[in-house]
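Let me begin by presenting the structure, written as structure tokens, before commenting on it.
Whatever order the structure lists them in is the order used to number ligands and atoms, beginning at 1. Note that the structure is predicted; figures quoted are calculated from it, not measured.
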Amino acid sequence: MLVFILNAGSSSLKYQLMNPISKEVLATGLCERIGIDGILKHEFGDNKLTLEVSMPTHKEAIELVLKTLIESEGKVINSIDDIDAIGHRAVHGGEEFASSVMVTPKVIETMKKLIPLAPLHNPANIMGMEICQELMPGKPNVAVFDTAFHQTMPDYAYMYALPYEQYTKHGIRKYGFHGTSHYFVSNEARGMLDKKHNTRIIVCHLGNGSSVSAVLNGKCIDTSMGLTPVQGLMMGTRAGDVGAGAISYMMSQEKLTIDQALDIMNKKSGILGISGKSSDLREVLQGMQDGDDRCRLAVEMVAYNIKKYVGAYVAALDGVDALCFTGGIGENSSLIREIVCAGLDGMGLIIDPTKNNKRSGKARDIATNSSAARIFVIPTNEEYVIANDTYKIVSGLEK
Ligand code: AMP
């Protein structure tokens, strides 16, 4: 069984070819600058291939990827027939999709209705589905939604305290994102716990985009992102939680339109906005070490924001059995983990500095033996969730 996993964005796309049963990854890659010029970065085994080829549209990009998989230096399969199914990362499933689904005309029609909720992402996702249907006719396509895992949140957690009609008329509520990662990591954590019932797990997915979720018995009960991914934690370039009054005041002082304000909150804020240096935490950590005070402030704000959500979710879960760190920052930055966990002994979370500083690409426990709750570092694997959901749906194991 081979699944072609596609994550189509507005000017780029990521792909992987994976066997969901053995978890073997045959190839992985990225097309960038679609519609501008075009670069394909393709990896297979220990080999890397970079091609600069014109990609005027996503169709040419996907055609090139498929050609690279079966021909040329990057070849990993003999023909497109070796691909059994396609799994698509889809960003916004609204309230319509609480799990992954086979892509049908009705699913695409529903996703089109959800475009106002994700104007940048859903059109690209739909385009990826339609192009795969055209280039690989007859092969099943499955959509795996970023929002689906969070659909189990209770109404009192997902509602905003705006007039109720804003929800009934426009669907304005919290949806949450990074669902495949929160699902994967919380599920792995459940397997690592001795306890099998009443499991209370907090997942910190910390990367360029970051979110925290509270997971009770495998079901999400709260998450930090909202109607869109701009809410919650401070991120690489996104502001996270900022009071509505601060935004409207900034707009009036700077004479900004809504689009300009959104551009600032999504692309010029967060770690980049505070440090003035970079959206990349590694560079900002280096800046802090070199004595840059705004880099110090950015790092402290990042860690403080995460810690506040952890405390809130311990309360939401009536306690905690495991706190999990994942994503580029969560998996790699021992300093952020250390600051987040400092002083949480009263909540049963005690980090072991030696275990925290040890590097490993594997899932591990970094809490002291005497810590009442576990602290896990778990590498996320969103592609595996997409491939596995696709396999289960295509083979009829899941309807
Ligand atoms: P992701 O979006 O999951 O790929 O995560 C990207 C973020 O992880 C960037 O802010 C990187 O700076 C950060 N990151 C990656 N490696 C490290 C590291 N060793 N220490 C601190 N941050 C890191």
Under a plain distance cut-off of 3.5 Å, with no hydrogens placed, do [Y] and [X] share a side-chain donor-acceptor pair?
X: Asp290; Y: Gln286; value: yes
X: Ser100; Y: Asp389; value: yes
X: Tyr183; Y: Glu188; value: no
X: Arg294; Y: Ser275; value: no
X: Asn208; Y: Arg238; value: no

Can you pull out the closest protein heavy atom to [atom]? Residue, atom name and distance to 0.1 Å, please.
atom: atom 18 (C) of ligand 1; result: Asn332 CB, 3.4 Å
atom: atom 11 (C) of ligand 1; result: Asp280 OD1, 3.5 Å
atom: atom 22 (N) of ligand 1; result: Arg282 CG, 3.8 Å
atom: atom 7 (C) of ligand 1; result: Ile329 CG1, 3.8 Å
atom: atom 2 (O) of ligand 1; result: Asn208 N, 2.9 Å

Using a 3.5 Å cut-off on N or O atoms only, is [X] in polar contact with ligand 1?
X: Ser333; value: no
X: Leu281; value: yes
X: Leu206; value: no
X: Arg359; value: no

Legend entry - Contact partition for Ile336 relative to ligand 1, non-hydrogen atoms under 4.0 Å: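 For Ile336, there is no contact with ligand 1 at all, from either part.
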
Inset, instruction - Would you mind finding which of Gly207, Gly328, Ser278 brings a heavy atom closest to atom 8 (O) of ligand 1? - result: Gly328

Inset, instruction - Taking only Lys NZ, Arg NE, NH1 and NH2, and the carboxylate oxygens of Asp or Glu, determine whether Arg282 and Asp280 approach each other closer than 4.0 Å. - result: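 Here Arg282 pairs with Asp280 in a salt bridge, since their nearest N and O are under 4.0 Å apart.
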
Inset, instruction - Run the numbers on His42 and Thr68 for side-chain hydrogen bond (donor to acceptor under 3.5 Å, both in side chains), then give the verdict. - result: CA-CA 8 Å; His42 180 72; Thr68 307; 5.7 Å; no

Inset, instruction - Fit a plane to each ring of His178 and His182, take the angle between them on a 0 to 90° scale, and name the class: parallel (under 30°), tilted (30 to 60°) or perpendicular (over 60°). - result: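 Ring orientation of His178 relative to His182: tilted.
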
Inset, instruction - Heavy-atom contacts with Leu285 under 4.0 Å: which atoms of ligand 1 show up? List them by number with element. - result: 21 (C)

